[in-house]
Amino acid sequence: MPQRQISYREALAEAIIEEMARDDRVFLMGEDVGVLGGAFGATPGIYAKFGGERVLDTPISETAIVGYALGAAMAGMRPIAEIMRVDWMTICMDEIVNQTAKMRYLSGGHPEVSLVIRAAAEGGIGLGGQHSQSFEAWFVHVPGLKVIMPSTPYDIKGLMKSAIRDPNPVICLEPGVLYGVSGPVPTEEYLIPLGEAEVKREGKDITIVAWGTMLPKTLNAAQTLAAEGVDVEVVDPRTLRPLDIDTVIASVKKTGKLIIAHEAMKTCGVGAEIAALVQERAFDHLDAPIQRVATPDVIIPVNRALERVVLPQEATIVNTVKAVI
Amino acid sequence: MPQRQISYREALAEAIIEEMARDDRVFLMGEDVGVLGGAFGATPGIYAKFGGERVLDTPISETAIVGYALGAAMAGMRPIAEIMRVDWMTICMDEIVNQTAKMRYLSGGHPEVSLVIRAAAEGGIGLGGQHSQSFEAWFVHVPGLKVIMPSTPYDIKGLMKSAIRDPNPVICLEPGVLYGVSGPVPTEEYLIPLGEAEVKREGKDITIVAWGTMLPKTLNAAQTLAAEGVDVEVVDPRTLRPLDIDTVIASVKKTGKLIIAHEAMKTCGVGAEIAALVQERAFDHLDAPIQRVATPDVIIPVNRALERVVLPQEATIVNTVKAVI
Amino acid sequence: MPLTKEALLNMYRRMLTIRHFEEGITEFAKQGLVPGTGHVSIGEEAVAVGACSALADGDYIISTHRAHGHLLARGADIKVILAEVLGKATGCTGGKGGSMHLSDFSRQILGTNGIVGAGINIAGGVGLAIKMRQTGQICLGFFGDGAANRGTFHEGLNLAAVWKVPTVFVCTNNQYGLSMPQCKACGNIDISARASAYDMPGYRVDGTDVIAVYEAVKSAADRARKGDGPSLIEAISFRLRGHSMRMDQMPGGNVYRPEGEIDDWAANKDPVKIFRAKLKELGYLDDKKAGQIDAECQKLFDDAADFARNSPEPAPETAFTWIYAKEGVK
Amino acid sequence: MPLTKEALLNMYRRMLTIRHFEEGITEFAKQGLVPGTGHVSIGEEAVAVGACSALADGDYIISTHRAHGHLLARGADIKVILAEVLGKATGCTGGKGGSMHLSDFSRQILGTNGIVGAGINIAGGVGLAIKMRQTGQICLGFFGDGAANRGTFHEGLNLAAVWKVPTVFVCTNNQYGLSMPQCKACGNIDISARASAYDMPGYRVDGTDVIAVYEAVKSAADRARKGDGPSLIEAISFRLRGHSMRMDQMPGGNVYRPEGEIDDWAANKDPVKIFRAKLKELGYLDDKKAGQIDAECQKLFDDAADFARNSPEPAPETAFTWIYAKEGVK
Ligand SMILES: Cc1ncc(C[n+]2csc(CCOP(=O)(O)OP(=O)(O)O)c2C)c(N)n1
Ligand SMILES: Cc1ncc(C[n+]2csc(CCOP(=O)(O)OP(=O)(O)O)c2C)c(N)n1
Ligand SMILES: [Mg+2]
Ligand SMILES: [Mg+2]
């Protein structure tokens, strides 16, 4: 396939534009998604293309954003609702968890509750404790939701298109620091099915499962380690619910060792779930305890040096691998 | 110590009454906490004792309940805020997670943010999908919070008193079905420190960590199993953050086998965290994969028979133990 | 255009059907046949029937935890609703949602809610879809006086006004949110007056007068259908029972109500009695006819009760269905 | 009691100090010295200074993400605030909170917030504590026009009215919530009018007129202190810069503003210019004195800048402190 290098945000916008062109039930709503193209510029060019009829700026009313998206979905539309940052999904957890996730079930299986709720996630941008969080574990805990967290332009485009077409509510968490990062994306249309992990790097010595900002850091660490003779396999789940645990387990059966790397707080992060599943299903294949690389349980500081102290870095991964090997 | 049999709700109310008498900064607020004594009758007698000046009925405004409690705490009070059910803590997650949990940190370490946010949790009462949940894993994921989930009259009284005196925000989740269950409680004052697990039953063959509604079910299962010659050790963490993992690990080192039982959804529940920690720290002591007994990832139905199908029962525990042994 | 005799008598029938239904399930609850709980709307039937009578076929409704009346007023199948309240396989969610989760998608009844105030935004969103799809429908969103103090009321009504969605917001002010008297729950008890904060028309009507409710909702619905945007209607009514069937049975479950209030209200504020008197005054009803209608409505319930009670329990494996829709590109 | 010449000149000094501070940090931001971002209030100084001048020592304030002005108007140490904006160890949170988390507990400035609208309930809660402790203080809660569309506005103001807490709610209506013009964000742009929904006094004042703001807040504060409950004040003002320092530098970061608007507002709505002219009219200021004051205020900033820039970076281990207070029974 012919490819180009485009940024994460361009790939995301392309996905939305293609799906809006394909299906007139699809529309975009949220704070500042209109002429500004998102507060983080995450969705450029969509408003220019479709105008205010299908790109709806909202007031600062997070419960209304999700509640309206849900109502619209129940009456046949397919909204993409942007909550600017996952940090303020805290405001509309009822709408997400008690309403959207459960609506089909509580309506006797009738409606398709087909909507996407997107938000920027994770830190690394010096915005501090209320603007740097990652709550994927909360959503993975909720039956009725699907959760994707793509880390490359290729993945966000293919997964966003699938998410928009999915008949279920999908939460899409986008690592804010990666919006500007470019990567290869085919010019032709493609979809990536929800629920399929990808082995982003093959290796035989140890498996690292990583997503979000930790994926590029892990790939870098793998290169550093390769130079030292350690051959790391990197698995990117891409979708966190439903989780493709089989791919992880297949990898662990090969390498015998597992590290999980995520930027969310360590305690009760998704890393714990993966560790629990793997020890359950591949107990006899594990040569060493599963380790987690994650943010220790702190609040993210604004000062950039302190922020680097708390967020796991490439070196954290390298050191953890060395300790396990 | 002289003991009496009193119910969970009586023990809870006693704790609050004693602390309100002891410290006039302590007060109770929430929906229907006044003359009704709580929608689930969880706090009887408090209004009669202290009246409307210190037992404040609120409108149906969950964000205001927690936000006001926080503001009052910052200005020197020690509120106990009731959110009727943990299911609608979804409405005030910003107030809990971004505000209350982080306020001391984001204020340069100045204020003591000493407040308790209480709610009924878990199912078993036929109230269905929006009234039967348990989100302890969400709160355990949040630095700045402490989380308790006491399952006996003795524990709720001693832990609630400590929670009220703690200079940090404490989330207290109360298993709704246990409000009416009685147990021994000393007449004299006592405190239970936050962060201490209790071995509720000693045994040598297998460890089960259980809390909430699963604690009594596990104790029953242990008795059933004892009759069949399996000697189960039951550990009740009581506090989930900070978690007393040392007590769990000590037990696992003795028994070599671990099951974690909770009513919350299995995926990304606190059971995953415990499994991840134990395999990390007691890898060589585990004779079998750690198993989790939890609600499979579903929405809780109203129909009582269906509810029993999805919520883990005594038999689920017995069968899981047999499979592991 | 004044309502015809036939229309009025049909409204009366609906009110009475609701009354019999809710008195019937109250008995069932006492017998332990209702899983969990349920919230009857005895005393509020005029709001349900007045509002729903003002809708056209194809219009949507979104309702609350206190919804039996709304469903029956909107023409949902009494058998299916009763079966659901009893948690049976033949209920609208196969016994999985119960009394707080009633719906009938074939009649655009998009569901009720266990979370107070959550339906307000959803009703706004249904209005948004209608507007985007230009289908000429409207959506009616019910909620209570208690719900009006939730943030969702503010966010939902404001956005409805901004986007001029065809949603009519109907607040049943039954004077209580659980144990909280409305007058202690808000700074200004006139909820309809809040509409001006959104530059939206607000009306306060006597919620014991089914015709008054009908007329207010009708004009708001007309306005919405014309594309002139949402309205807020507050219908003052009276909860003649306890908050829920569970609490009504609990000792102390009604401790917050002033002595004699329920009796007093039942004597003076009962919308069924009031409407019956009105119909007699109009010469549309006499004792005989009233008796006939009463028997008809009672029979509707009794037949439904036979159906529901004889319906099977849901099969265990149904506990695991409907969580996700099957994937597949549409 | 009209404000004395001295008081007015002090208010002018404060406004000018804020202006220099925010112009200064804008430069620092361009140089990459500000971690993350920061929201300047250039054009809104009259609201900060008018409101804070109406407070007594010991009164509390709670503020927003756009808070430098509130802090400086309330007498916080400019050095500490600037150090915080630069993320230094000497800042009020040791560089961990940055521009969105400023506080001075010695002056009852209980903090600012990165979550729009979250401070409203907190300010109400501070009022509740004051009322329960009968300390005679009041609390002033700032928020923006955008925040006024959040549910917390509704829940927070309603409860304040119900409990008659001594909190004065001050809405700085700077016409925008990020890229959203206020007129497109709500059904009725008159935010002060919403006060009637809670039976609370509401005032709309010219937010470029520091004396008008002072007077409105003063009377609301007096009322609150007397135990008569909360008020809502909307101060119409103008954001003369981009939403944040980050967005001001971004290409397209101001695309949503009509051409010429910023220049036009800067020419006609600048509260510092307006107040300077007023003081001259009153004969309290001439060009020479104005120049002196300007230099004084600039020097305040320059000294603070020396302090802040020479302050140490926070030590790495401080990343882990303040998450929990030590236990211990008090
Ligand atoms: C968000 C939320 N808070 C609290 C409750 C508990 N609750 C159920 S019904 C109710 C009272 C609702 O009052 P109102 O809106 O006036 O409706 P009514 O019950 O009077 O019909 C309360 C507090 C809930 N279900 N959801
Ligand atoms: C709950 C929430 N939603 C969105 C944001 C992103 N955001 C930060 S400031 C802002 C605009 C706030 O507008 P307003 O309240 O008028 O204050 P102003 O910025 O004009 O001072 C937005 C949308 C946020 N921080 N919090
Ligand atoms: Mg009510
Ligand atoms: Mg603004």
Side-chain angles (χ1 to χ4, degrees), chain A residues 22-25 27 29 53-54 56-79 81 91-92 94-95 98-115 143-146 162 165-169 191 193-195 242, chain C residues 60 62 80 84 91-94 96-98 100-106 108 110-115 117-133 135 137 139 141 150-152 154-160 162-163 165 167 321-330:
Chain A
R22 178 178 173 278
D23 183 346
D24 60 15
R25 296 170 301 177
F27 68 99
M29 63 185 288
E53 306 277 293
R54 292 180 67 198
L56 279 65
D57 268 328
T58 67
I60 306 173
S61 300
E62 281 79 7
T63 78
I65 294 171
V66 178
Y68 271 65
L70 171 58
M74 291 174 72
M77 300 297 288
R78 299 194 147 211
I91 297 167
C92 44
D94 176 57
E95 286 71 22
N98 290 328
Q99 309 302 327
T100 302
K102 298 184 173 52
M103 195 48 79
R104 185 166 182 276
Y105 178 94
L106 293 175
S107 303
H110 279 286
E112 263 189 10
V113 181
S114 175
L115 74 164
L145 297 179
K146 297 188 177 185
S162 296
R165 296 186 195 184
D166 198 279
N168 296 287
L191 296 169
L194 303 191
Chain C
Y60 291 102
I62 292 281
V80 174
E84 187 59 40
C92 54
T93 76
K96 302 203 288 187
M100 287 190 281
H101 300 287
L102 305 174
S103 57
D104 183 343
F105 278 71
S106 72
Q108 283 73 46
L110 300 192
T112 68
N113 217 305
I115 306 292
I120 299 175
N121 281 314
I122 301 173
V126 172
L128 173 63
I130 294 170
K131 191 180 168 189
M132 294 182 92
R133 305 178 73 190
T135 58
Q137 296 155 291
C139 178
R150 276 209 54 211
T152 50
H154 182 60
E155 296 195 0
L157 266 72
N158 182 53
L159 191 53
V162 169
W163 285 346
V165 301
T167 299
T321 58
W322 301 339
I323 317 251
Y324 291 98
K326 276 216 202 70
E327 281 176 55
V329 177
K330 281 212 186 181

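Computation of the quantities below employed the complete heavy-atom set of this structure, encompassing side-chain atoms and omitting hydrogens, waters and symmetry-equivalent molecules.
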Using the side-chain contact (heavy atoms from CB on, under 4.5 Å) rule, take A/Met103 and C/Ile122 through it: C-alpha gap first, then chi angles, then the decisive distance, then the call.
CA-CA 11 Å; A/Met103 195 48 79; C/Ile122 301 173; 3.9 Å; yes
Please determine whether side-chain contact (heavy atoms from CB on, under 4.5 Å) holds for the pair A/Leu106 and C/Thr112, giving the CA-CA distance in whole Å, both sets of side-chain angles, and the decisive distance to 0.1 Å.
CA-CA 9 Å; A/Leu106 293 175; C/Thr112 68; over 6 Å; no
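Expressed to the nearest 0.5 Å, how far CE of C/Met132 lies from CZ of A/Arg54 amounts to 7.0 Å. A distance of 7.5 Å separates CG of A/Asp94 from CG of C/Asn113, quoted to the nearest 0.5 Å. Between the CD1 atom of A/Ile91 and the CD atom of C/Glu155 there is a distance of 8.0 Å, given to the nearest 0.5 Å. Residue C/Asn158 holds its CG atom at 11.5 Å from CD1 of A/Ile60, rounded to the nearest 0.5 Å. A/Ser107 contributes atom OG, which lies 11.5 Å from atom CG of C/Asp104 (distance to the nearest 0.5 angstrom). To the nearest 0.5 angstrom, C/Ile120 atom CD1 is 9.5 Å from A/Tyr68 atom OH.
Closest of all the heavy-atom pairs between A/Ala75 and C/Arg133 is O-NH1, 2.6 Å.
Interface remark: of the candidates C/Leu128, C/Ile115, C/Val162, C/Val165, C/Ile115 forms the most heavy-atom pairs closer than 4.5 Å to chain A. For chain C, the option among A/Gln99, A/Met77, A/Met74 with the highest count of heavy-atom pairs below 4.5 Å is A/Gln99. Heavy-atom pairs under 4.5 Å with chain A peak, among C/Ile62, C/Thr321, C/Ile323, C/Leu102, at C/Ile323. Interface check for chain A: of the options C/Gly124, C/Ala123, C/Ser103, C/Gly98, the most heavy-atom pairs under 4.5 Å are formed by C/Gly124.
Using a 4.5 Å cut-off between heavy atoms, C/Ala160 contacts chain A through both its backbone and its side chain. If you measure heavy-atom distances from C/Thr135 to chain A, you find no contacts under 4.5 Å at all. Residue C/Leu159 touches chain A through both its backbone and its side chain, counting heavy-atom pairs closer than 4.5 Å. Within the 4.5 angstrom heavy-atom criterion, only backbone atoms of A/Glu62 (N, CA, C, O) approach chain C. Looking at C/Thr93, the atoms closer than 4.5 Å to chain A (heavy atoms on both sides) sit in the backbone and in the side chain alike. C/Tyr324 touches chain A through backbone and side chain together, each having a heavy atom under 4.5 Å away.
At least one side-chain heavy atom of A/Glu95 sits under 4.5 Å from a side-chain heavy atom of C/Thr152.
Taking the six-membered ring where tryptophan is involved, the planes of A/Tyr105 and C/Trp322 are perpendicular, since the angle between them exceeds 60° and thus also 30°.
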